Amino acid sequence: TMSFNYPKARRDETVVDDYFGVNVADPYRWLEDPDSEETKSFVDAQNEITKPYLDGCIYKDKIKDKVTELWNYPKYSVPFRHGNKYYQYRNTGLQNQSLIFVQKDLDDEAEVFLDPNKFSGDGTVALSKTAFTEDGNTFAYGLSNSGSDWLEIKFKDVKTGDDYNETLKRVKYSPMTWMHDNIGFFYGAYLDQTGKADGSETTSSDNQKLYYHTLGTDQSQDIVVVEFEDSQLRIGATVSHCGEYLVITPTKGCKNNLVYFAKFSADNKIIKKLELTPVVTEFVADYEYVHNIGSKFFFRTNKDAANYKIIAIDFNDINGTPWTDLLPEHSKDVLDWAHVINTNMLVACHLVDVKNTLVIHDLETGKKLHDFKVDLGTISAISGKYYHQQMFYSFSSFLTPNIIHKVDFKEGRIIDTVFYKTKVGDFDPSLFEIKQVFYKSKDDIEIPMFIIHKKNLQKDGQKPCLLYGYGGFNISLTPGFSTSRLVFIRNFDGIFATANIRGGGEYGDRWHNGGRFEKKQNCFDDFQWAAKYLVKENYTSVDKLSIMGGSNGGLLVAACINQAPELFGAAICQVGVLDMLRYHKFTIGYAWTTDYGCSDVKDQFEYLYKYSPLHNIKEPREGQYPATLLLTADHDDRVVPLHSFKFIAELQNKIGSLSQQKNPLMIRVETKAGHGGGKPTSKLIDEVTDYFCFISRALGLKFLD
Ligand SMILES: O=C(NCC(=O)N1CCC[C@H]1C(=O)O)OCc1ccccc1
């Protein structure tokens with residue numbers, strides 16, 4: 001095994017912060033400036049170590065070919081109906097960005113409506129949020145560059161295919177919603193933020209305002225229609241399905257929002273700030289607009305309902321008429337989302353032990369009308385406007401790429417047919433199996449875990465295993481189809497496992513709250529106990545076990561290798577949140593305090609300091625750190641790359657020089673890329689290939705053809 005001469009990054013020992021009397025050194029503070037020559041040469045020096053190591057993997061070409069081959073299957077979204085046309089995202093398989101197709105009827109020849117690959121040669125301009133007008137004649141679309149959260153909004157005339165002249169700039173974390181006059185458009189922007197705004201800056205995003213744009217005019221004419229004192233609010237907004245209200249749902253963090261509304265004047269003229277009526281003015285719960293009938297509004301909420309429910313609020317009499325439950329909270333099943341279709345039917349999707357169910361209720365009475373048969377897996381999308389008598393939904397799972405269903409509502413009947421079944425080359429799902437196990441964590445709480453492997457597996461403890469986790473922000477890791485993981489199972493003769501650890505939404509607020517604030521350590525314990533389970537049950541062994549996670553999941557991976565380096569052979573940490581004392585200072589980091597807390601508060605500093613990856617790197621009592629690869633990118637303005645730069649510098653400095661540390665400790669820094677959203681297929685395949693090269697080389701895995 002090689003030893004590595006890692007780049008020596010300057011340590012500035014003069015940078016020391018005082019947190020409530022505790023002095024914390026931050027010698028790599030200078031790495032927080034992405035534009036300094038010193039930081040740029042640090043990144044180049046790191047890539048000069050990492051690239052030869054990855055390219056030195058003897059299977060690199062085979063891995064890339066296999067990943068590409070399995071990736072190359074047609075990906076279709078559910079069809080969407082706007083105006084009198086159907087639209088659908090399609091990718092033949094390897095296109096960098098999916099295209100939007102349009103057709104008059106479902107059995108007509110579809111033609112290209114929008115091809116985002118035309119916006120750049122390398123596919124680094126991605127289509128982000130989009131919104132059609134009610135009449136379907138105008139299409140608003142947001143473009144994101146190099147993976148940044150910043151959007152530029154354009155408007156296309158559907159009939160001619162031509163774009164209107166205006167471009168709305170400095171848009172970020174923004175709604176996109178049209179007045180029903182098909183001319184007025186609402187969006188959120190940071191127009192008074194100075195300096196760079198291309199996603200490579202780390203500037204904190206403050207003072208978002210909600211603007212009203214009139215189609216065909218210049219952005220400079222736009223009107224501020226909603227703004228709040230609190231500069232950290234992101235202003236969610238939706239024009240109600242009836243077109244007569246604007247529902248405003250400001251949020252500050254990543255949990256709980258407020259609710260206001262404005263009723264439009266009869267002539268729909270908007271020339272100044274909107275008169276807002278307050279509905280919810282404290283951050284006590286999530287409230288998501290589902291539908292309204294006149295002044296009766298339906299929201300999905302977790303107010304007094306940890307597993308969420310649908311309530312009805314009368315906007316004409318907010319404090320008079322009691323708010324009622326339309327769809328009561330289920331004692332165990334979590335209400336994932338709800339959608340109104342066919343005028344008076346409510347489609348409800350629940351999560352039951354991390355598997356989706358799909359039912360239809362009567363909108364008036366809440367009475368159940370229909371149960372869709374759903375296998376172990378996820379309802380990955382639904383489409384259909386409330387006034388349509390037709391909807392589409394898609395299903396996918398670990399061994400099942402998208403199956404699209406068409407549902408027609410005719411003469412009181414519900415007719416569910418398979419509309420499109422995705423085929424993936426020569427992949428044969430019958431050769432593999434999915435298991436769901438419930439293992440005990442450190443505190444004996446039962447944690448679900450999906451394990452996927454070839455059938456007739458010999459549990460000889462020698463199988464390479466890839467354990468994936470996230471554990472935060474009420475996000476649930478539900479079954480999904482991933483060809484890269486199937487390459488790991490098929491060609492490394494491996495096992496893929498995903499642990500539904502606390503902090504996620506798998507069991508509603510109970511599960512989310514079990515992994516937040518001072519309980520965040522439960523996430524790390526749950527993940528470490530998943531690793532112990534996989535070894536104890538003879539699926540794999542420590543030196544064949546890799547852990548992987550991204551963003552908050554990158555925090556998970558980095559905290560776990562600090563706390564239990566002896567449990568893992570390799571660790572893949574993608575775009576991780578790694579400096580828990582300073583994360584809130586950059587871009588949208590302050591919004592994450594609803595999960596993490598903040599080092600500005602004494603008792604929160606204390607528990608953050610205990611697990612913050614950057615501050616808890618220490619020589620293992622015995623053995624070494626796992627082979628560790630950090631991945632980040634120069635336009636990641638969700639989790640700025642400085643987290644990974646500082647962590648790898650400290651890891652190489654403290655651990656890289658130890659004689660017993662034979663495993664590589666590296667970072668892969670991508671250019672013209674961001675947090676992950678919108679990444680072109682070519683870059684995704686290169687990234688998967690690289691971290692498979694890293695794992696296989698570090699663990700000495702064989703690649704079977
Ligand atoms: O910050 C988040 N979400 C939380 C997030 O992205 N986190 C939370 C921790 C690190 C990172 C992650 O895990 O992906 O979203 C901001 C946003 C983006 C686009 C539109 C509206 C709002």
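In each ligand, atom 1 is the first atom listed, and ligand 1 is the first ligand listed. Only a predicted model underlies this, so the values are computations on that prediction, with no experimental measurement involved.
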D579/K646 salt bridge by N-O under 4.0 Å criterion: yes
Cationic N near anionic O, under 4.0 Å, K196 to E201: no
Carboxylate-amine/guanidinium proximity below 4.0 Å for K585 and E32: no
Salt bridge present between D686 and K683 (N-O < 4.0 angstrom): no
Hey, what polar pairs (N/O, under 3.5 Å) does ligand 1 make with protein?
from: ligand 1; atom 1: 1 (O); to: W592; atom 2: NE1; distance (Å): 2.9
from: ligand 1; atom 1: 6 (O); to: R638; atom 2: NH1; distance (Å): 2.8
from: ligand 1; atom 1: 13 (O); to: Y470; atom 2: OH; distance (Å): 2.5
from: ligand 1; atom 1: 13 (O); to: S551; atom 2: OG; distance (Å): 2.8
from: ligand 1; atom 1: 13 (O); to: N552; atom 2: N; distance (Å): 3.1
from: ligand 1; atom 1: 14 (O); to: S551; atom 2: OG; distance (Å): 2.6
from: ligand 1; atom 1: 14 (O); to: H675; atom 2: NE2; distance (Å): 3.1

Salt bridge flag under 4.0 Å for residues R29 and D17: yes
Ion pair R668/E670, N-O distance below 4.0 Å: yes
